[in-house]
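Lettering of chains follows the sequences in order, A, B, ..., and the numbering in each one begins at 1.
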Amino acid sequence: MTVRTRFAPSPTGYLHVGGARTALFSYLFARKHGGAFVLRIEDTDLERSTVESVNAIMEGMTWLGLDYDEGPFFQTERFERYSQVIDELLEKGLAYRCDCPRERLDRLRDTQMAAKVKPRYDGHCRGREVDPDKPHVIRFKNPVDGAVVVDDLIRGRIAFANAELDDLIIRRSDGSPTYNLTVVVDDADMGITHVIRGDDHVNNTPRQMNILRALGQEPPRYAHVPMILGADGARLSKRHGAVSVVAYREQGYLPEALLNYLVRLGWSHGDQEVFSLEEMIALFDIADVNKSAAAFNTDKLDWLNQHYIQQGDPRHIARLLSPHMGHLGIDPSQGPDLVDVVAAQGARAKTLVELAEISAFCYRDFDAYDEAAAKKHLRPVAREPLTRVRAGLEMLALQDWQPETLHHVVEQVAAELDINMGKVAQPLRVAVVGRAASPGIDLTLQLVGKAATLRRIDKALAFIAEREAAA
RNA sequence: GCUCCCUUCGUCUAGCGGUUAGGACGCUGGCCUCUCACGUCGGUAACAGGGGUUCGAAUCCCCUAGGGAGCGCCA
C-alpha cells in the first residue's frame with residue numbers, strides 16, 4: 001500500500017508556524033516513503049472560511065517549497081458525498097434524528113457540570129421517532145461499551161472508553177455536515193493511509209475511528225504532533241510576533257532556514273542541526289518525533305538564517321535580497337553587483353532585512369554618521385591619514401580599484417606615518433560607511449567605488465574641520 | 001469538574017537499564033584581527049518531587065506536583 005498523507009487546514013487565517021510544521025512532517029513522511037501528499041481545504045465553516053485565507057495558506061506552502069501532489073480539494077465541493085454517507089448511516093440505523101431543543105441541551109450540560117461529570121449528550125433521541133420534516137440534526141450512534149484504541153505513531157497506545165464518548169452531531173439542522181464526519185469521509189475517499197495532525201485532535205480520534213468502522217472502513221494510522229509554544233512557553237499567538245509563515249519572509253528569513261528550524265522543533269536525528277530538504281526527506285522518521293510541546297525560539301532561528309545566508313550560493317541570496325533593497329528605496333542595478341555585496345556581507349547579517357540595511361552604503365551616501373563611531377574615529381588625528389589615503393586613492397586608475405591595490409594604499413599610508421593599520425582603516429571606514437563596522441577595508445572601498453569614496457572622504461575631512469572649529 | 005496527554009541545561013534536543021548525562025542556540029572567557037561579523041578553542045547550565053522494581057535507573061512501574069489539549073449545530 002502506498003503511503004498517502006494530507007494537510008487539511010481550515011481557511012480561517014494565514015498559515016502559521018504550527019500548521020507549517022505539521023504540513024512539513026506530513027510532506028516529509030510522504031516523500032520519504034515515495035507516497036503522495038495531498039492538500040485539502042476544510043472549509044465547511046462557511047461563516048469563517050475565506051478565499052484570502054486559502055490563498056495565504058497556499059502562498060505560505062509555496063514559499064516553503066512544500067509542494068503537494070493532489071489538491072487542493074475543497075470540502076464545500078463535496079457536500080453531496082457527505083450527505084450520501086449520512087443518509088446511508090441513517091438507513092443502516094447507525095445514526096438517528098434528534099430534535100432536542102437547545103434549552104434541553106443547555107440544561108443537561110449544566111446539571112452534568114454541577115454533578116462533576118463530563119458534559120455529553122445523553123442519547124435522549126436514540127430510540128425516538130423524529131419527524132424528518134421538522135427541524136432536526138443527525139447524530140452518530142456511538143458504541144455504548146467497549147473501548148477504542150489508538151496506536152499513535154508518536155504517542156504510542158492510547159485507549160478511550162466508549163462510555164466517555166457521546167453521540168455527536170454529524171449533520172446540522174441546516175443540512176450541512178460537521179467536521180468529524182467530513183474528515184472521516186475524505187480521508188477514506190482519498191485513500192489517506194497516515195493522518196499526521198496537531199495533537200489537539202487526539203480526543204477526536206476515537207470518535208472518528210468509530211464512524212469509520214460504522215462505514216466499514218479500516219482507520220488509517222494516526223500520528224499526533226505536539227503543539228508549538230511561544231518563547232514564554234505560552235500558547236503561540238499574535239502577541240509573540242510573527243506567527244504567519246509569510247511574515248517571516250517579510251522579516252528577511254530564508255525558507256530553508258525556517259524549514260530547518262521547524263523540522264528541529266520536535267524532531268531530531270542524533271546531534272545533527274542543519275538539514276537540507278533532501279536530507280530531511282532521507283532521514284525523517286515519524287518515530288523520532290517528540291511527544292512534548294516545544295517553545296519557538298527566535299535566537300536559534302536567527303542563527304540558522306545567518307548560517308544559510310552565509311553558506312548559500314551568493315547568487316541565490318542576492319535574488320532573495322533584492323526586494324529588501326527595494327524596500328529601502330535602493331535599485332541594486334545602480335551600483336555594485338549585489339552578488340558581490342552578499343559575498344562580502346553575508347556573515348554579518350542574521351536576516352535579509354539586516355543585510356539590506358548594512359549594505360545600503362554601497363549604493364547611496366548615508367545620511368549621518370553613527371555618533372559613537374564619528375566621535376571616536378573622525379578626530380583631528382585622522383586628518384593626516386585620511387588626506388594621504390585620499391591622495392593615494394585618487395591616483396588609482398579605475399581598473400586598479402581592486403582589493404589588492406586598495407589594500408596596498410592603506411597599508412602604505414600606515415607605513416609612512418608609522419602608525420597601525422587600524423589608525424588609517426577605521427577613520428576611513430567611518431568616512432566611507434558612516435559606521436565603524438563593515439567588511440575588510442579593501443572590499444569596502446571596492447564596493448563603494450572611487451567617486452563615492454573620494455566624495456565621502458572629503459565630507460569626513462570637512463566634518464573634522466567643523467568639529468575642530470566648534471571645540 | 002471529567003477524559004486524554006506531556007515533564008533532561010534558560011531554549012531546541014541526544015539518551016531507549018551501566019555515560020565524567022552528549023550536541024546545538026543563547027550567555028560568557030581566550031585566540032584570530034584594520035572594525036564588525038565569521039571562524040576557532042574553552043566555560044556556564046538539566047534528568048520536576050517522592051516511592052518502588054533491579055546488583056544497577058534519566059531510562060521500567062506507581063503516586064504527587066506542574067503544564068497542555070479536548071469536552072460546540074468550530075475545525
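The 12-atom threshold is exceeded at CG of A:Asp131, counting heavy atoms of other residues, nucleotides or ligands nearer than 6.0 Å.
B:rA69 and B:rC62 have their C1' atoms separated by 24 Å, with the value rounded to a whole Å. The P atoms of B:rA24 and B:rC38 are separated by 15 Å, rounded to the nearest whole Å. For the C1' atoms, the distance from B:rG72 to B:rG50 is 40 Å, rounded to whole Å. Taking atom P in both B:rC12 and B:rU7, one finds a spacing of 12 Å when rounded to whole Å.
An OP1 or OP2 oxygen of B:rU7 is reached within less than 4.0 angstrom by no side-chain nitrogen or oxygen of A:Asn290. Remark: A:Thr178 is not in phosphate contact with B:rC73, judged by side-chain N or O atoms under 4.0 Å from OP1 or OP2. One finds no side-chain N or O of A:Ser176 lying less than 4.0 angstrom from the OP1 or OP2 phosphate oxygen of B:rC73. The phosphate of B:rC71 (OP1 or OP2) has no side-chain N or O of A:Arg109 nearer than 4.0 angstrom. Between B:rA24 and A:Lys300, no contact under 4.0 Å exists linking OP1 or OP2 to a side-chain N or O. For B:rA69, one of the phosphate oxygens OP1 or OP2 lies less than 4.0 angstrom from a side-chain nitrogen or oxygen of A:Arg235.
Distances were taken from every side-chain heavy atom of A:Ala347 (C-beta onward) to each of B:rU7, B:rU3, B:rA37; the shortest belongs to B:rA37. Which of B:rA37, B:rU13, B:rG70 sits closest to the side chain of A:Lys118 comes down to B:rG70. Distances were taken from every side-chain heavy atom of A:Arg264 (C-beta onward) to each of B:rC73, B:rC12, B:rG1; the shortest belongs to B:rC12. Nearest to the side chain of A:Phe160, among B:rU3, B:rC34, B:rA37, sits B:rU3. Comparing B:rC38, B:rA75, B:rA24 by their closest approach to the side chain of A:Trp303 singles out B:rA24. Set against B:rC25, B:rU35, B:rA14, the side chain of A:Asn297 has B:rC25 as its closest nucleotide. Distances from the side chain of A:Ile441 to the nucleotides B:rC73, B:rC34, B:rC71 place B:rC34 closest. Side-chain proximity of A:Ala437 to the nucleotides B:rC73, B:rA14, B:rC36 is greatest for B:rC36. Comparing B:rA75, B:rC4, B:rG1 against the side chain of A:Asn203 picks out B:rC4 as the nearest. Considering only the side chain of A:Arg102, B:rC73 comes nearest among B:rA69, B:rC73, B:rC2.
Across all strands shown, A:Ala436 has heavy atoms under 4.0 Å from base atoms, whether or not it also approaches the sugar-phosphate. Residue A:Val202 is classed as having no contact, given no heavy-atom separation below 4.0 Å to the nucleic acid. Across all strands shown, A:Ser173 has heavy atoms under 4.0 Å from base atoms, whether or not it also approaches the sugar-phosphate. A:Ile169 comes within 4.0 angstrom of a nucleotide base, judged by non-hydrogen atoms across all strands. Counting non-hydrogen atoms under 4.0 angstrom, A:His201 reaches a base of the nucleic acid. At the heavy-atom level, A:Arg429 lies under 4.0 Å from base atoms of the strands shown. Across all strands shown, A:Arg48 has heavy atoms under 4.0 Å from base atoms, whether or not it also approaches the sugar-phosphate. The residue A:Gln310 sits close only to the backbone: its heavy atoms come under 4.0 Å of sugar-phosphate atoms, none of a base. At the heavy-atom level, A:Gln306 lies under 4.0 Å from the strands shown only through sugar-phosphate atoms. In this structure, A:Leu265 reaches the sugar-phosphate backbone alone: every heavy-atom distance under 4.0 Å involves primed, P, OP1 or OP2 atoms, never a base. Across all strands shown, A:Ala159 has heavy atoms under 4.0 Å from sugar-phosphate atoms exclusively, and none from any base. Nucleic acid contact class of A:Pro206 (heavy atoms, under 4.0 Å, all strands): none.
A:Arg388 contributes atom CZ, which lies 15.0 Å from atom CG of A:Leu428 (distance to the nearest 0.5 angstrom).
The partner of B:rU59, taking Watson-Crick or G-U wobble pairs whose two distances both stay under 3.5 Å, does not exist in any strand shown. If you check B:rU19 for Watson-Crick or wobble pairing at under 3.5 angstrom, you find it has no partner at all. Under the Watson-Crick or G-U wobble criterion, with both distances below 3.5 Å, B:rC34 has no partner in any strand shown. With both pairing distances under 3.5 Å, B:rC71 is matched to B:rG1 as a Watson-Crick or G-U wobble pair.
A:Asp271 contributes a side-chain N or O that forms a donor-acceptor pair with the base of B:rG22 under 3.5 Å. For A:Asn204 and B:rA75, a side-chain-to-base donor-acceptor distance below 3.5 Å is present, hydrogens and geometry of angles not being considered. No N or O donor and acceptor, one from the side chain of A:Arg155 and one from the base of B:rC5, sit under 3.5 Å apart. You won't find any donor-acceptor pair under 3.5 Å spanning the side chain of A:Ser438 and the base of B:rC36, going by distance alone. Between the side chain of A:Glu273 and the base of B:rG23, a donor-acceptor pair under 3.5 Å is found.
What separates NZ of A:Lys376 from P of B:rC34 is a distance of 15 Å, to the nearest Å. Atom OH of A:Tyr14 and atom P of B:rA75 are 20 Å apart (whole Å). Between A:Asp285 atom CG and B:rA14 atom P the separation is 12 Å, expressed in whole Å. Nucleotide B:rA37 holds its C1' atom 9 Å from the CD atom of A:Gln345, rounded to whole Å.
Partner A:Asn142 forms a side chain to side chain donor-acceptor pair (under 3.5 Å) with one of A:Asn210, A:Asp166, A:Asp167 and no other, that one being A:Asn210.
Nearer the 5' end of RNA chain B, as judged by each residue's closest nucleotide, is the contact made by A:Gly266, out of A:Asp45 and A:Gly266. Across the interface with RNA chain B, nearest-nucleotide mapping of A:Gln426 and A:Ala115 shows A:Ala115 to be the residue nearer the 5′ end.
Side chain of A:Ser26 to main chain of A:Thr5: no donor-acceptor pair is present (N/O by atom type, distance under 3.5 Å, no hydrogens or angles). Looking only at distances, no side-chain donor or acceptor of A:Arg207 sits under 3.5 Å from a matching main-chain atom of A:Leu181.
A:Tyr68 and A:Phe7 have their aromatic ring centers separated by at least 6.0 angstrom.
Checking A:Asn297 against A:Tyr261 by side-chain atom types alone, no donor-acceptor pair falls below 3.5 Å. One side chain, A:Ser83 or A:Arg171, offers a donor N or O that lies under 3.5 Å from an acceptor on the other.
Under a cutoff of 6.0 Å and an axis angle of 45°, A:Arg139 and A:Tyr121 form a cation-pi pair.
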message: Apply salt bridge (Lys or Arg N to Asp or Glu O under 4.0 Å) to residues A:Arg40 and A:Asp187 and explain how you reach the verdict.
response: CA-CA 10 Å; A:Arg40 182 172 76 222; A:Asp187 285 341; 2.9 Å; yes

